[in-house]
Amino acid sequence: MSKNQLLALLKVNFLYVNPQYTTSSRKKKKTGNQIVKNVVLQYLLLSVFFVFVYGLSMFTVDFSQFPGYFTYYIALFSLMSFSQVFTSIFNIFFQSKDLASYQPLPFNLNQIFIAKFAVVAYTTLPFLLPILALFFLVGWQSNIFILINIIVSLIAFLGLFTLLFELCVICVFGITRSNFYKNNQKIVSSILMLIPTVLVVVAVLFLNFDTGTTSAEMVDRGIIPFIYPLYAVVTNPFSLSSVLILAAIVLLIAGLFRLISLWIVPSLYDITTVNHKKKRSTKKRKSHASLKEVLIHYNRGLINDPTLIMQSLSSTIIMPMVMIISGVVGAQGMLKLSNLSLDYAGVFFFTGIVFSLMTVNGASFVANLISLDRENFNFIRSLPISMKTYLSNKFWFGYLIQVGLNILVILLACIFLRPPVLLIICILAGNIIGAFFISQHYFYRDFRLLELQWTNVSQLFSRGGGNFALMFSIFGVLFGGIILIVVYAVTITMMGHLALAINLGVLAVLALIFGLLYIFYRNKFWQKLS
Amino acid sequence: MIEVVGLKKNYGETQALKGVDLTIPNGKIFGFLGHNGAGKSTIIKSLVSIIEPTEGKIYFDGEELINNRLDIKKSIGYVPDTPDMFLQLTAEEYWDLVAAAYEIPKDVRQQRQEELLALFEMTGKESDTLEGFSHGMRQKAIVIGALLSDPDIWILDEPLQGLDPQAAFDLKELMKKHAENGKTVIFSTHILSTAEQLCDELAILKKGELIYNGSVKDLLASAENESLEKIYLKMTGKHSNGELIEELEEMEDE
């Protein structure tokens, strides 16, 4: 195997691993080698950062006394790592769709796969290294000699890492080689990409429950039996049982490796470049669909892409959802919203607006629907149809999806917090109205910063101010919004006799702002189209 | 010499190739003609190992492709039908990848790259990404990559598509020169005048079957005073029995 060939393949894969960073670095005239170095360094720094942050939080627990917590943390990090490896394998092997491009070149197929697996492993390192830190910490707390501790921690870490990696490989490639996947690629891909996010949500919830128990007098958690052997290895490495456990891990790794080499490797190329049979639609199509129906069908097709769906949802709805769920779980029993009076109608209405500000941003469907057209947009411009009709159809399509998702999340939170029905109506109304105007803003922004030549959908999300602006808009709105809601709610609580006046005042200000926004977007955008 | 024996390729229930046998001699320009979906690209992709045939064998100078893929690939320079690959790489990075794959020595690569850059007027464009190029420029970058290692066999799937007249002319001249040096050029095209002008030998495909394999001269001689276009349409057109041509001739006479 040629070293130069492997290095060339690694370089290409690293350039593809973070397309946004590669694109922005190219704009700054950085060469390919500089970009690769920076990407490698970024993951290294991220690893150090994660080890530091998680290490710090774990430092407070004496794991030598609490094996239950040890197994719990290992399970948690393993779950998060599994989800990360799962996503990386899926992205690098399936979503990149570049394997066929290598085929005519005289590369050994093994080299191509080794380079890809190496990049997957490297990019998941930040999520795995806290496990190494935990192994070391428990060894140190158990007074194991430092050199022995380092060696044993490394062995245990490599064992666990390899096991997780092998399990992920078997899961991903096992699913994708099935006929069900081949026939339902888009749906299964969306589900596969959703799994890691769900796992992370579950992990966050676990942590949330956990904080309640550690603050009080500490009681150990229940031991997770299949992880406990690792505890024995790192705390008592020279016992017979530890040696036997290590031998069992090695055997398990070897067995899984054999399974992969017999079951997956021979058909790896076919699995990853499978020619999907086009299913013939059995649906009867209307022979003369109206323009509106055709456009709805077309727009649905534009967003029917697993990568787009997951990237968009994870940057818009999922984070607020996670925060709300963890907040709701944390606040259960403390917040008695069912007792709230109609004095808080304004607060709920305003909360609905803030929630729409949190969920509609540069990564929302409505904020990218025009650019998703790619070259179709220019073709459509040449057709004898009104641009205003075409774009307003798009806008309503994107807006209704967004507002539908928002309503779902709000109703979910309301099920837990049980506020009065009228207040639920207020929060929904605030959300529907707020999302309308914010969607207008981002839809117009998409038109202004139109990008039809994109190759990776994340390029669209970071238009304008880039990723920083996107993150700032999410967190800025989040914290600013929460502060305003709290101030508003406290004011109402303290000045209950003036609630009606305050609510009317706030409503008047909001109505004025919305009126001005309506006029602005009508004059600046919609009227110009007609 | 390249020999294709009983080549079949099925995509699900669709038979893209139905048992093709053909021989491509060295030192010739060999063209594939056929309508869309006739199987041209499927044969070409089988030759460069992008797809696995369902049945059949391919030999390069007597050696079966599946027995020595890597070495055989090293003797091939390939241009795909659409130049949409590695779009996030700059042209230079793409050529770096190709150079690593073919293990081209640095100095040789440098000299060859400079020649090709000058020929295709791409000097100064090395640091631009492929996605930023127009279709024609991308095609040029891919052609440069394919010729960088100076391979013996060129396999070009509709290589002139998108090229400007000057670049198309230069590439055609290069193809002629390559064949004159005893090496092989295989290409597919829809432009019959180009095929007539360039090819020594032709393979005409219709719905996955080979309906002609031989020299252009013999084909033209088989029907006196008829252009390749008319002959081709007679063989492959909607009315392959010649009705369409007769109709056209009648219209012309009127």
Side-chain angles (χ1 to χ4, degrees), chain A residues 1-23 25-27 29-33 35-36 96-112 115 182-183 267 269-270 273-280 375 453-456 459, chain B residues 9-14 16 44-45 47-52 68-80 82-106 126-134 142 145-146 148-149 151 155 157:
Chain A
M1 192 180 290
S2 155
K3 191 181 122 198
N4 283 341
Q5 288 184 327
L6 193 61
L7 284 176
L9 287 167
L10 280 171
K11 180 180 162 183
V12 171
N13 278 293
F14 270 117
L15 285 172
Y16 272 85
V17 88
N18 188 346
Q20 277 170 279
Y21 178 75
T22 303
T23 309
S25 300
R26 293 227 193 272
K27 282 181 190 158
K29 304 281 175 209
K30 283 189 180 159
T31 64
N33 286 336
I35 298 170
V36 171
S96 65
K97 290 175 186 156
D98 63 346
L99 271 168
S101 305
Y102 291 105
Q103 267 311 83
L105 298 172
F107 283 117
N108 190 321
L109 207 53
N110 290 341
Q111 285 175 320
I112 298 169
K182 286 171 195 165
N183 294 329
S267 51
Y269 180 74
D270 292 334
T273 56
V274 67
N275 288 304
H276 306 286
K277 276 190 272 177
K278 278 185 183 165
K279 272 177 80 179
R280 281 188 189 152
E375 62 272 21
Q453 304 284 322
W454 55 273
T455 46
N456 186 303
Q459 279 170 256
Chain B
K9 178 68 191 175
N10 300 341
Y11 293 109
E13 289 159 18
T14 312
I44 283 179
K45 282 177 178 149
L47 290 174
V48 296
S49 302
I50 290 180
I51 55 173
E52 279 302 315
N68 194 6
R69 254 189 230 283
L70 275 190
D71 286 339
I72 290 172
K73 276 187 193 176
K74 278 190 181 166
S75 65
I76 297 172
Y78 167 66
V79 173
T82 46
D84 300 331
M85 53 187 197
F86 299 112
L87 293 180
Q88 286 188 353
L89 301 187
T90 63
E92 186 77 34
E93 284 161 8
Y94 172 66
W95 298 325
D96 282 346
L97 181 73
V98 173
Y102 285 85
E103 297 181 286
I104 311 170
K106 255 188 183 172
E126 300 92 318
S127 306
D128 295 350
T129 54
L130 296 181
E131 70 179 333
F133 283 156
S134 66
I142 302 291
L148 207 55
S149 65
I155 300 182
D157 202 351

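Reminder, nothing fancy here: chain letters follow the sequence lines and each chain counts from 1. Every value quoted in this text rests on a predicted model; they were computed, and no experiment measured them.
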Problem set entry | Heavy-atom pair with the smallest gap, counting every atom of B:K73 and A:F107 | NZ-O, 4.2 Å
Seminar exercise, completed: Nearest heavy-atom contact between A:N108 and B:L70 is N-CD2, 3.8 Å
For this session: Look at the side chain of A:K11 and the backbone N and O of B:L97, then say whether any donor-acceptor pair between them is shorter than 3.5 Å.
Result: no
Exercise. What pairs with A:A115 under side chain to side chain contact (heavy atoms under 4.5 Å, CB included), at least two apart in sequence or on another chain?
Worked result: A:L6, A:L9, A:L10, A:N13
Exercise. What is the distance from atom CZ of A:R26 to atom CG of B:D128, rounded to the nearest 0.5 Å?
Worked result: 10.0 Å
Exercise. For the candidates B:E92, B:E93, B:K74, B:E103, which exhibits the highest count of non-hydrogen atom pairs separated by less than 4.5 Å from chain A?
Worked result: B:E93
Exercise. What part of B:Y78 gets closer than 4.5 Å to chain A, counting heavy atoms only: side chain, backbone, both or neither?
Worked result: side chain
For this session: Measure the spacing between CD1 of B:I76 and CG of A:L105 and express it to the nearest 0.5 Å.
Result: 11.0 Å
Exercise. For the candidates B:D71, B:T90, B:D96, which exhibits the highest count of non-hydrogen atom pairs separated by less than 4.5 Å from chain A?
Worked result: B:T90
For this session: Quick one: closest heavy-atom pair of A:Q103 and B:S49, and the distance?
Result: NE2-O, 3.2 Å
Exercise. So what's closer than 4.5 Å to chain B heavy atoms on A:K29: side chain, backbone, both or neither?
Worked result: neither
Exercise. By a 4.5 Å heavy-atom criterion (distance strictly below it), what part of B:T129 contacts chain A: side chain, backbone, both, or neither?
Worked result: side chain
For this session: Start with the C-alpha gap between A:L15 and B:F86, add the side-chain angles, then the distance that decides, and say whether side chain to side chain contact (heavy atoms under 4.5 Å, CB included) holds.
Result: CA-CA 10 Å; A:L15 285 172; B:F86 299 112; over 6 Å; no
